[in-house]
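A short write-up of the structure that comes next.
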Amino acid sequence: MVDLSVQLGGLTLANPIMPASGTFSPDIADVIDPNRLGALVTKSTTLGFRAGNPTPRVSETADGMLNSIGLPSQGIDAFIGEVIPKYRRFTPPLVASVSADTPDEFVTICEKVSIPAVDAIEVNISCPNLEEGGRAYAMRAESTLSVMRRVRACSDKPLWAKLTPNTGEIANVARAAEEGGADALVVANTVLAMAIDTETRRPRLGNVMGGLSGPAIKPIVVGMVYQSAKAVGIPVIGCGGIMGTDDVVEYMLAGAAAVQVGTKTFLNPTAMLTIIEELEALCAAKGINSVSEFTGAVVVEPEEEGLPLFA
Amino acid sequence: MVDLSVQLGGLTLANPIMPASGTFSPDIADVIDPNRLGALVTKSTTLGFRAGNPTPRVSETADGMLNSIGLPSQGIDAFIGEVIPKYRRFTPPLVASVSADTPDEFVTICEKVSIPAVDAIEVNISCPNLEEGGRAYAMRAESTLSVMRRVRACSDKPLWAKLTPNTGEIANVARAAEEGGADALVVANTVLAMAIDTETRRPRLGNVMGGLSGPAIKPIVVGMVYQSAKAVGIPVIGCGGIMGTDDVVEYMLAGAAAVQVGTKTFLNPTAMLTIIEELEALCAAKGINSVSEFTGAVVVEPEEEGLPLFA
Amino acid sequence: MTATANSDSMAATPPAPFAAAENVCTVVSNHPVNARYNHLVLAAPPTALTARPGQFFHLLCEGVPGDPAFLRRPMSVYRLRPADGADGASGIVEFLYKVVGAGTRAMARLEPGGSFNILGPLGQGFHLDPGWRHVVIVARGVGLATLAPLADMCRRAGVGIGAILSAQSPELIMAEDVMEAVGAEVVRVTDTEGTSTVANVERLVRGRIAEGRADALFTCGSNRLLMLLQKIARQEGIPGQVALEQQMACGLGMCVCCVRQVRRGGQTLDLRVCREGPVFELEEPVSW
Amino acid sequence: MTATANSDSMAATPPAPFAAAENVCTVVSNHPVNARYNHLVLAAPPTALTARPGQFFHLLCEGVPGDPAFLRRPMSVYRLRPADGADGASGIVEFLYKVVGAGTRAMARLEPGGSFNILGPLGQGFHLDPGWRHVVIVARGVGLATLAPLADMCRRAGVGIGAILSAQSPELIMAEDVMEAVGAEVVRVTDTEGTSTVANVERLVRGRIAEGRADALFTCGSNRLLMLLQKIARQEGIPGQVALEQQMACGLGMCVCCVRQVRRGGQTLDLRVCREGPVFELEEPVSW
Ligand SMILES: Cc1cc2nc3c(=O)[nH]c(=O)nc-3n(C[C@H](O)[C@H](O)[C@H](O)COP(=O)(O)OP(=O)(O)OC[C@H]3O[C@@H](n4cnc5c(N)ncnc54)[C@H](O)[C@@H]3O)c2cc1C
Ligand SMILES: Cc1cc2nc3c(=O)[nH]c(=O)nc-3n(C[C@H](O)[C@H](O)[C@H](O)COP(=O)(O)OP(=O)(O)OC[C@H]3O[C@@H](n4cnc5c(N)ncnc54)[C@H](O)[C@@H]3O)c2cc1C
Ligand SMILES: Cc1cc2nc3c(=O)[nH]c(=O)nc-3n(C[C@H](O)[C@H](O)[C@H](O)COP(=O)(O)O)c2cc1C
Ligand SMILES: Cc1cc2nc3c(=O)[nH]c(=O)nc-3n(C[C@H](O)[C@H](O)[C@H](O)COP(=O)(O)O)c2cc1C
Ligand code: FES
Ligand code: FES
């Protein structure tokens, strides 16, 4: 009997596998039973209507993909009135992801989304803060702290801060999010990137720049999960490039209490369920009673850890 | 007749293809003729002896590799006395790459290496600055400006600043390097990353963290070259994940005046020469007189460029 | 234990009630039909056989080192046939495809006996109004593949078909046999013969309308022809449908990358080609 | 124009004076020799044929989607043969390899007629002192592959060989035929038979020394045996050589990832296994 359940800042998940925001919707029920997932995470919603970015919105790269969807959204009212009910046909805890252009907007949207149907709020602070010239909140500790404090004050829901990998100071940002009142961290969103079609000489994305996801970024994000988990006491949810069960274990060893799967679902919508089954079988085979035993269990002798002086 | 030559902050290169620091040495003359390269770039040297990091020092990832070599070095005197002469058996311009733990050390090493045999100095400010707790100089604009100013004051050689991708503010850092006196920028070094062997539960690198290179990081660095080239007036040298001729053109379209090839040389030591030939053939086939015409020629309508609001 | 209950009670492959599946098919054959198009025949499990004309599958094209394909590739179903009893599969699914890039190059490398993962069926297919007696199909290029199963659907509904098949040159006209086998009256127009001009296609379509044999118009594969048919349909008050293309990631409606602008209910909306489409009412797409 | 002059005057494939090359070989055969080891035979161009015993090639193992291999993999040359005139290649290069991960799995998938890019020859090989009459070779596991060509080298130099071949079980002993073909006296020791203990190997080696038939000791493939031979060599004042392994990236001496600690000239140095090695003097490596 393997215990796959995990504790995540006030929530108990039946297993540590959930979808990443923006890579999942109830539409997947055409192919799999969403009730088997640890949690459901919505696409990020915004306060008002947003059209999203011009197409093409995706492009593929070496072992990864670029996207610049642009957070198209019908706005929070349609989200609560129409989107949430579609998710609530299913039983796993529901995590509502929200994005906002300004801290004030974040407060309003988090207040609005703090309804009984929502079990936790994922605060997507990887999105640009217009008050800082479009720099993402989570690129710096200061702006992370201030926006999380404001959001914390306006909602009693468990708050997950979704961090950006586009920073040189992930540990400081992680600490700031914890100090600001986050109950868990999601590490991380996509990596800022770009590709150019050399034939047409045009960017491959309508929005020029976009976010890189998929296996290409896994080592980058595993490193950030490791640094974040060492820096904070709250659970860290690993997210970036997970393709299979071994990747889940790697993230958990690095310090993750649970994981989110994004891009892989585009390749195999059944992948998350396969991973849940394999994870259980793996634990059983290794005599591991609870999957949480993996969390933070990487073996690092203190003297091994040099400065990040690679090269 | 295609003109492959490029102008790089005071230097003229016969062609825009050169090796990336640390992925090249005169040992390659066993396999190819280094005289055909646009320039030669040494492994970063340090002031005193450094042992380097514990093994394993490399590990492979999805379309990329991790390294934590740890800048082993015999010190600057052996570098000048023994290493430089080995490079000077060849004719292309010689770029000496230097790393230092403190700004003072950077000044000393740049003074020492400003000898006639050296045509340019690549200042590896992606390495940790002990005076900032191990944060790399090039992670922030302020430390970039101050170290480049100090180095500029002590050497008349063309100075190339090698930037790190581990920052959320590459454009500001690029501007700071220019303001500090850099003649060109190399964008970029490796991306901080980590991998764990789930069987042994140990990090795959002896140093725990390392640097990611190879095709996986290309879209990240192409985006940084694009942002840097828009921010500065000095030439930008693109470096990250170049595997073939099309990647070189992509970097040049994004704004690079020349490129450095690293990881690919490990897979195919002949690759740089193949690229030079293919680049010439490509220009000839397209009726392009000078390869420099590619530089910055990406077609972006101003209104297309949204905030980096991907997802 | 939740977890144990989960995996004891269900397998990763969804049982019957799921509308779509990752169908693991076996390659029966894979041949060029002309200089540009290939024909792939797959033995497929039951879920795949539920596809309707105009629906598509999202194909897991595994590239090779040096020529990788990362995302799936969308492809309309070209033909469906129930099993002939010869093998274990429940039937045959066919695709007609043009080799343009890494994904379709990977498809071209598929060999008989190999396996191929096709997610689907996906999206909205064509529909026929019970009142229609005659329809006009205008297809160009790969659009022929998408519209071929519609012809079969028409035959079974007793609807007559006039098909205008457009291509760059005569040898690139495909699916003509499929169309003719179901009794369609086929007109071929080509660039090399100078017959594929918008003006000529307009003359042909208006001819069918004048004959009273155009209760609906269907098209796929050319934006130029879409605009022409939209104009004619508007002027003549004739309904119709069009199958659109767009780059896709998930194919299921989750990523919102595949939108096209569509006029619907008095509004201009970004609709997902993979979910609300690929078939739209003829007048809906904002063409350009 | 510099550029034009460059590519007019030289081709990307280096001409004769280069010591190493990306040799594009043709697979002749690729078979298992026992449950754990495979034997790869390649038709190779001239540069590859210059390899000396103990040198290695760096193999471009192309994985498949789902099981990729990114870097090259180092492999000792197992046998070299000049051309038999049957094909265009200048000769045959052979490898004996154990399938342990993605790279060697990719090797195991190589099929006759396929091509395989092997960079080399690389590194420092074994050398024989003109004064030596009898040597002892102690090999374990894949070390057998590395030491087999040394036996042939000894034969040609008229040097007698005592070979102690160690493996987990009798059927995993390889290269015995190669050794015996060159007149080596072979002793097999195995774990399953209980004969491969350090104590027993020590007894065997000291026996050869006592007989005066151990002018030098050679080893590869086991750290335990390396430590044993280092001890014996030190006590008896006998020279020797060892071939080391280390993870590699470039294989050419450029990346400095493949270092091992070595005592040389009174210092402890980090030397590159790919460049200063893989063969070192027996007493040099700091073993652990
Ligand atoms: C619903 C639907 C049904 C389709 N049915 C068929 C069919 O039956 N037969 C057929 O041959 N093709 C069909 N296509 C087009 C097919 O999906 C693309 O040709 C294919 O994805 C190209 O993949 P590639 O890797 O070979 O080319 P890539 O290297 O990905 O691209 C080559 C070129 O094709 C363009 N392209 C790539 N993907 C798409 C896409 N999804 N839509 C439009 N342009 C694209 C790229 O921009 C590029 O210019 C269909 C597309 C859709 C959306
Ligand atoms: C100079 C030299 C000569 C060699 N000659 C032979 C030979 O003749 N026959 C043979 O079978 N093997 C030989 N090896 C070992 C061979 O290189 C490795 O077994 C191979 O690289 C493993 O690749 P893989 O992708 O199959 O396994 P991976 O998935 O890369 O690794 C599987 C396991 O092997 C270890 N490993 C990987 N690479 C090396 C390496 N270079 N050295 C030591 N351990 C490694 C890994 O840490 C891991 O535990 C030699 C190694 C060197 C350095
Ligand atoms: C198409 C697409 C849309 C995304 N939309 C969102 C979003 O709305 N909000 C968000 O926080 N992250 C979004 N992401 C980021 C993912 O949630 C995830 O952080 C990232 O893709 C890394 O995980 P992966 O490598 O498993 O895909 C999106 C990613 C993709 C690929
Ligand atoms: C093994 C290895 C060693 C490196 N050593 C150095 C170094 O000493 N100094 C430096 O500035 N960059 C060093 N780099 C970074 C490369 O110069 C280059 O910036 C990086 O690898 C990205 O390019 P690539 O993807 O083409 O390899 C090293 C990279 C590798 C893989
Ligand atoms: S392809 Fe993902 S929503 Fe259509
Ligand atoms: S493998 Fe690169 S120096 Fe040895």
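Letters A, B, ... are given to chains in the order of the sequence lines, protein chains preceding strands, and every chain is numbered from 1. Since the structure is predicted, the reported quantities are computational estimates derived from the model, not experimental observations.
For Val299(B) against Pro203(A), the heavy-atom pair with the smallest separation is O-CD, 3.2 Å. Across all non-hydrogen atoms, the minimal contact from Met139(B) to Gly168(A) is CE-O, 2.7 Å. Residue Glu250(B) comes nearest to Met194(A) through the heavy atom pair OE2-O, 4.3 Å, listed as atom of the first residue, atom of the second, then distance. In plain terms, the two heavy atoms of Ile288(A) and Arg201(B) that are nearest each other are CD1-NH2, 3.8 Å.
In terms of non-hydrogen atom pairs under 4.5 Å with chain B, the most contact-rich of Thr61(A), Ile217(A), Asp246(A) is Asp246(A). In terms of heavy-atom pairs under 4.5 angstrom with chain A, the leader among Val298(B), Thr198(B), Thr200(B), Leu66(B) is Thr198(B). Residue with the most contacts toward chain B among Glu169(A), Arg57(A), Met252(A): Glu169(A) (heavy-atom pairs, distance under 4.5 Å).
Only the side chain of Phe294(A) comes within contact range of chain B, with at least one heavy atom under 4.5 Å from a heavy atom of that chain. In this structure, chain A has a heavy atom under 4.5 Å from the side chain of Arg140(B), while its backbone stays farther away.
Between Ile220(B) and Ile220(A), some side-chain heavy-atom pair lies under the 4.5 Å cut-off. Residues Ile196(A) and Tyr226(B) are not in side-chain contact: their nearest non-hydrogen atoms beyond the backbone lie 4.5 Å or more apart.
Here the straight-line distance linking atom CG of Asn166(B) with atom CD1 of Ile170(A) works out to 11.5 Å at 0.5 Å rounding.
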